[in-house]
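To start, the structure under review is shown below, and the notes come after it.
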Amino acid sequence: MEKELTIKTGCDRGLCKNAVGRQDRQLNTYDWLADVPGNIDTTDLVEVQFKHTRKGYYHNVNKLDLKKGDIVAVEANPGHDIGVVTLTGRLVKLQLKKANLKSADDIKRVYRIARPIDMDKFREAKAREHSTMIESRQIAKGLGLKMKIGDVEYQGDGNKAIFYYIADERVDFRQLIKDLAATFHVRIEMKQIGARQEAGLIGGTGPCGRELCCATWMKNFVSVGTSAARFQDISLNPQKLAGMCAKLKCCLNYEVDDYVEAGRKLPGKDIQLQTQDNDYFYFKADILAGLVTYSTDKNIAANLETITAERAKEIIEMNRKGEKPISLQEDGNKKAPAGPVDLATQENINRFDRAKKKKKKKKPRKPEQNAQPQNAKE
């Protein structure tokens, strides 16, 4: 939450910190209605973000002039919590639908803009989180529970603590709650998270070289299946398909809809093309470009020819009528065989692999035993 304190409020039109400012390693929703007159007056609901991706929605019953980046004290059970306003106006209602709140009673109130005394209590509570997490792990290990406490979040007033844990099986942590309450003297709440949520809490850099999506802009996790990789013709290599969380990469779902739509325009993989001199089998395809490569051998790459999907469908329709084109190319000309390569005109790339021979220094010739020195007297 230290980063929230540095965010400035109040800016003109355009992309600025007030619109897309980063808070606690998470990107906020871009308020593209922020400069519309009367946008804030459409609703009294505001979105407030706490640690990591935890967000809540509250009624601004006191009619406070809240802007994105304001630190506020909100209603909690028990006491109050400290968070940062991340969204106001009409878009809050749309975000509220994604939250899937069971009832309107879950929407609490905004008390006030945080006072200095509120911030002092907040900093004291945050300073205890790391030590609490380490000690709680030791308590869970002493009870023999098969779980891992990934993070601890104290409420703004320090009266409650949320323990985020990871477990593969069902865990009976009733005794753990009693021990934690007796040790830390706060109200305990256990919240289970998955491997993806843990990666978002820890953060890191993905194989693409950028910061993890779950640690920056992602708020909701959608299930990812291997079918997404098949639609995109990606090699089913578990090491390449898995992310930092050891689960399938979330980015596999980003472009799968485009690949599915483009794949419908391609001919079937089991359809054979027939010309007057050869039969061609499906070899590979560039889905987004709409190009299909065919081979004269069913198992290996032989006499490869690449044509458009429209040309392939045209040949398929001709074969159904009993007709065979001269070649796969649209102009009817056969693909010219690759001619001999003049190695003299091309630079050999293997020169990079050759070890440079060190030049041997010429050793001075030893004088012969019978030879007389130059200054010797005759």
Side-chain angles (χ1 to χ4, degrees), residues 1-12 16-29 31 34 39-41 43-89 91-92 95 106-136 151-164 180-181 183-189 191 201 203 215 219:
M1 295 289 287
E2 293 296 332
K3 294 184 181 180
E4 283 104 353
L5 305 179
T6 61
I7 293 181
K8 299 179 180 179
T9 60
C11 71
D12 298 329
C16 62
K17 281 189 174 182
N18 194 30
V20 291
R22 295 190 58 165
Q23 298 186 2
D24 201 11
R25 300 187 297 107
Q26 293 291 329
L27 286 178
N28 301 316
T29 303
D31 191 359
N39 175 51
I40 301 179
D41 300 331
T43 178
D44 66 340
L45 290 172
V46 294
E47 182 186 70
V48 180
Q49 179 176 328
F50 304 95
K51 189 176 182 179
H52 301 305
T53 59
R54 186 170 74 90
K55 288 188 175 184
Y57 298 90
Y58 300 87
H59 285 295
N60 184 12
V61 293
N62 296 323
K63 305 297 181 181
L64 301 173
D65 184 18
L66 298 179
K67 296 180 180 179
K68 191 170 186 177
D70 289 340
I71 305 175
V72 294
V74 298
E75 181 183 1
N77 187 18
H80 70 272
D81 204 351
I82 300 295
V84 178
V85 176
T86 53
L87 198 61
T88 60
L91 287 184
V92 180
Q95 293 294 98
D106 295 336
I107 304 178
K108 297 180 173 61
R109 299 172 296 168
V110 176
Y111 285 149
R112 59 187 177 275
I113 295 179
R115 302 168 183 170
I117 188 173
D118 296 328
M119 297 307 301
D120 292 340
K121 291 182 179 180
F122 171 76
R123 294 189 184 95
E124 291 177 4
K126 291 299 172 183
R128 296 156 52 192
E129 287 182 349
H130 183 71
S131 59
T132 300
M133 180 185 66
I134 300 301
E135 191 171 352
S136 61
D151 197 10
V152 177
E153 178 184 2
Y154 270 96
Q155 196 170 271
D157 56 2
N159 294 328
K160 179 182 174 182
I162 302 175
F163 291 80
Y164 297 93
L180 293 177
T183 304
F184 304 111
H185 306 288
V186 293
R187 186 172 180 178
I188 306 298
E189 179 182 347
K191 184 173 290 187
L201 294 177
K219 297 296 182 293

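Hydrogens, waters and symmetry mates play no part in the numbers below; they use all other heavy atoms, side chains included. The shown structure was predicted, so the numbers you read here are calculated from the model rather than taken from an experiment.
A donor-acceptor contact shorter than 3.5 Å links the side chain of Asp157 to the backbone of Asn159.
Of the inter-residue distances, the one linking Gln95 atom CD with Leu87 atom CG reads 6.0 Å to the nearest 0.5 angstrom. Atom NE2 of residue His59 and atom OG1 of residue Thr43 lie 7.5 Å apart, to the nearest 0.5 angstrom. Summarising the geometry, atom OH belonging to Tyr164 is positioned 7.5 Å from atom CD belonging to Glu189; distances are rounded to the nearest 0.5 Å.
In this structure, Glu135 has no salt bridge (Lys or Arg N to Asp or Glu O under 4.0 Å) partners at least two apart in sequence or on a different chain. Every residue two or more places apart in sequence or in another chain was checked for a side-chain hydrogen bond (donor to acceptor under 3.5 Å, both in side chains) with Glu124, and none qualifies. Qualifying salt bridge (Lys or Arg N to Asp or Glu O under 4.0 Å) partners for Asp151, counting only residues two or more places apart in sequence or in other chains: Lys51. For Ile40, the side-chain contact (heavy atoms from CB on, under 4.5 Å) criterion is met by Thr88, not counting sequence neighbours. In terms of the salt bridge (Lys or Arg N to Asp or Glu O under 4.0 Å) criterion, residue partners of Asp120 (sequence neighbours excluded) are, by chain and number, Arg123. Residues forming a side-chain hydrogen bond (donor to acceptor under 3.5 Å, both in side chains) with Lys121 (at least two apart in sequence, or on another chain): none. When the side-chain contact (heavy atoms from CB on, under 4.5 Å) test is applied to Asn77, the partners found at least two apart in sequence or on another chain are Arg187. The side-chain contact (heavy atoms from CB on, under 4.5 Å) check on Ala125 picks up Tyr154, with sequence neighbours excluded. For Glu75, the side-chain hydrogen bond (donor to acceptor under 3.5 Å, both in side chains) test picks out Arg109, with sequence neighbours left out. Applying the side-chain hydrogen bond (donor to acceptor under 3.5 Å, both in side chains) criterion to Tyr57, with sequence neighbours excluded, gives Glu47. Annotation: side-chain contact (heavy atoms from CB on, under 4.5 Å) contacts of Arg112 (sequence neighbours excluded): Ala73, His80, Arg115, Asp118.
A salt bridge does not link Asp81 to Lys108: none of the charged side-chain nitrogens sits closer than 4.0 Å to a carboxylate oxygen.
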Handout entry: Derivation of the side chain to side chain contact (heavy atoms under 4.5 Å, CB included) call for Leu66 and Ile113
Key = CA-CA 8 Å; Leu66 298 179; Ile113 295 179; 4.0 Å; yes
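A heavy-atom distance below 4.5 Å is found between the side chains of Ile82 and Ile71. With contacts defined as side-chain heavy-atom distances shorter than 4.5 Å, the pair Val74/Phe50 qualifies.
A pairwise comparison of heavy atoms in Val186 and Ala161 identifies CG2-CB, 4.0 Å as the closest pair. Nearest heavy-atom pair across Met119 and Ala114 is SD-CB, 3.8 Å. The two residues Gln155 and Ala76 come nearest to each other via the heavy atoms OE1-CB, 3.5 Å. Summarising the geometry of Ser136 relative to Val152, their closest heavy-atom pair is OG-CG2, 4.4 Å, with the distance given to 0.1 Å.
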